[in-house]
Amino acid sequence: MTASSDASEHAERFTLLRPLLFTIAYEILGSATESDDVLQDAYLRWSQVDLSAVRDTKSYLAQLVTRQALNALRADARRREDYVGPWLPEPLLLEEQDPCADVVLAESVSMAMLVLLETLSPDERAVFVLREVFGFDYSEIASAVDKSVSTVRQIAHRAREHVQARRRRFAPVDPEQNARIAAEFMAAASNGDVQTVMSMLAPDVVWTADGGGKATAARRPIVGAQKVATAIIGLGRWVRRMPGVRLEMVLCNSAPAVVVYRDDQLEGVFTVEIVDGKITNFYAIRNPDKLTAIATAREISRG
């Protein structure tokens with residue numbers, strides 16, 4: 001095999017698995033920008049690998065990307081500890097797809113799940129993602145995280161119990177119904193219709209905003225329908241009186257989201273979580289550093 005054909009084979013194999021590899025990195029890091037960096041570095045390493053020694057390309061590349069993502073996550077730990085206000089994942093704009101087609105995948109990239117994964121240690125997060133979302137064998141995961149198989153089993157059990165004890169029931173409904181509910185809610189909020197806004201909120205609804213100290217945002221989560229409704233109505237008044245503001249409905253992290261522009265400048269992404277027809281969570285990402293990746297729709301995959 002010539003050098004050029006070998007390089008072509010490297011590129012072809014990597015490109016075929018890129019949606020899967022990106023999804024693994026994103027679920028470990030919660031950042032599309034950092035995931036792109038991880039994939040770029042992983043490809044440089046992959047391009048030097050002797051393909052004749054690779055028995056399972058998917059497993060090999062998944063382990064390679066996991067190791068690089070873990071390195072990035074550990075290096076970023078101090079920055080997240082010093083972060084101003086709540087830390088939220090980068091919103092992920094998805095290519096057109098049916099969120100109901102793969103419920104496990106839809107839940108795994110939801111804002112609620114990614115926020116929950118932040119409470120795990122780096123090793124727990126990687127092991128949970130590789131096992132519970134992507135179904136890799138314990139031996140493959142052990143190689144990825146540089147632990148023994150028995151240790152990985154223990155980590156997986158601990159992480160699974162942690163997540164199950166804290167996550168709310170994930171029950172995605174018809175995507176069109178979710179989009180309709182979100183659109184009706186935004187219309188009511190924009191019109192100052194307090195009664196309709198309140199009727200669409202779960203009693204324990206939570207508003208979490210991430211400004212990173214670089215944009216106006218609540219420093220602590222707002223809890224409860226009355227308080228959240230007040231915040232939403234206030235935002236609606238701001239939208240009505242500010243010139244050049246426009247809203248665009250999109251699909252982010254397998255959920256309806258509103259992208260807010262002001263004079264073509266991206267001001268924020270507001271993702272809505274809906275359970276049983278009621279809005280249970282708002283995730284408001286306003287940190288400009290986390291808004292750059294929203295310009296590119298991504299393909300995610302578990303296979």
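Everything quoted here is computed from the prediction, not taken from an experiment.
R286 places no side-chain N or O within donor-acceptor distance of the main-chain N or O of A209, the cut-off being under 3.5 Å. No donor-acceptor distance shorter than 3.5 angstrom exists from the side chain of T15 to the backbone of E12, with no hydrogens or angles considered. Distance alone, capped at 3.5 Å, is enough to place a donor-acceptor pair between the D102 side chain and the V104 backbone. Within the 3.5 Å criterion, the main-chain N or O of S31 finds a donor-acceptor partner in the side chain of S35. A distance-only check finds no donor-acceptor pair linking the side chain of D76 to the backbone of A72 [under 3.5 Å]. With hydrogens and angles ignored, the 3.5 Å screen pairs no side-chain donor or acceptor of S59 with any backbone N or O of D56. For R237 (side chain) and I232 (main-chain N/O), no donor-acceptor pair under 3.5 Å exists by modelled atom type. Without hydrogens or angle criteria, D210 side chain to G212 main chain gives a donor-acceptor distance under 3.5 Å. Between the S110 side chain and the N253 main chain, no donor and acceptor come within less than 3.5 Å of each other. Looking only at distances, a side-chain donor or acceptor of R125 sits under 3.5 Å from a matching main-chain atom of I28.
Both V133 and L114 belong to a common hydrophobic cluster when Ile, Leu, Val, Met, Phe, Trp and Tyr are linked at side-chain heavy-atom distances under 4.5 angstrom. At a threshold of 4.5 Å between side-chain heavy atoms, the hydrophobic network of Ile, Leu, Val, Met, Phe, Trp and Tyr places V38 and V129 in one connected group. Two different hydrophobic clusters hold L16 and L105 under the rule that ILVMFWY side chains link at heavy-atom gaps under 4.5 Å.
The residues R180 and E176 are annotated as not salt-bridged, no charged nitrogen and carboxylate oxygen being separated by less than 4.0 angstrom. A salt bridge links R80 with E118: the closest approach of a Lys/Arg side-chain nitrogen to an acidic carboxylate oxygen falls below 4.0 angstrom. Ion pairing between R67 and D146 fails under the 4.0 Å rule for side-chain N and carboxylate O. A salt bridge links R167 with E107: the distance from a Lys NZ or Arg NE/NH1/NH2 to an Asp or Glu carboxylate oxygen falls below 4.0 Å. Between R158 and D123, no side-chain nitrogen of the basic residue sits less than 4.0 Å from a carboxylate oxygen of the acidic one, so the salt-bridge criterion is not met. Salt bridge status for D204 with K278: absent, with no side-chain N to carboxylate O gap under 4.0 Å.
Using a 4.5 Å heavy-atom threshold, the side chains of T280 and V272 count as separate. Considering only heavy atoms from C-beta on, S301 stays 4.5 Å or farther from R18 through its side chain. The shortest distance between side-chain heavy atoms of L61 and L64 falls below 4.5 Å. Looking at L247 and V259, their side chains never come closer than 4.5 Å, going by heavy atoms from C-beta outward. Taking the side chain as every heavy atom from C-beta outward, V163 and F128 approach each other to under 4.5 Å.
Taking the six-membered ring where the residue is Trp, the centroids of F282 and F185 are separated by under 6.0 Å. Remark: aromatic rings of W46 and Y60 are close, center separation under 6.0 Å.
With 3.5 Å as the limit, one finds a donor-acceptor pair spanning the side chains of R166 and H162. T196 and S199 share no donor-acceptor pair across their side chains, judged by distance under 3.5 Å alone. The closest side-chain donor-acceptor pair between S139 and D137, if any, does not fall under 3.5 angstrom. Residues N287 and Y83 bring a donor and an acceptor atom of their side chains to less than 3.5 Å of each other. Residues T33 and E90 bring a donor and an acceptor atom of their side chains to less than 3.5 Å of each other.
Annotation for L20 and G303: closest pair CB-O, 3.5 Å, computed over non-hydrogen atoms. Nearest heavy-atom pair across A7 and Y43 is O-OH, 4.2 Å.
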L92 vs L94, test: side chain to side chain contact (heavy atoms under 4.5 Å, CB included). Steps then yes/no.
CA-CA 6 Å; L92 189 67; L94 300 179; 3.7 Å; yes
Before you tell me yes or no, could you show the steps for L291 and I285 under side chain to side chain contact (heavy atoms under 4.5 Å, CB included), namely the whole-Å CA-CA distance, both residues' side-chain angles and the distance that decides it to 0.1 Å?
CA-CA 8 Å; L291 298 177; I285 298 93; 4.0 Å; yes
Verdict with reasoning, L251 to L93, per side chain to side chain contact (heavy atoms under 4.5 Å, CB included)
CA-CA 6 Å; L251 182 69; L93 181 65; 5.8 Å; no
Please report the C-alpha distance between R45 and Q68 in whole Å, then the side-chain angles of each, then the deciding distance to 0.1 Å, and finally whether the side chain to side chain contact (heavy atoms under 4.5 Å, CB included) criterion is met.
CA-CA 10 Å; R45 294 171 183 269; Q68 297 304 113; 3.4 Å; yes
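Ring planes of W207 and F270: tilted class, angle from 30 to 60°.
Heavy atoms from other residues, nucleotides or ligands lying under 6.0 Å from CD of Q40 number 12 at most. More than 12 heavy atoms of other shown residues, nucleotides or ligands fall within 6.0 angstrom of atom CD in E81.
At least one cation-pi condition fails for R302 and F134: the charged atom is not both under 6.0 angstrom from the six-membered ring centre and inside a 45 degree cone around its axis.
Y283 pairs in a side-chain contact (heavy atoms from CB on, under 4.5 Å) with only one of the listed residues (V115, V269, V206), which is V115.
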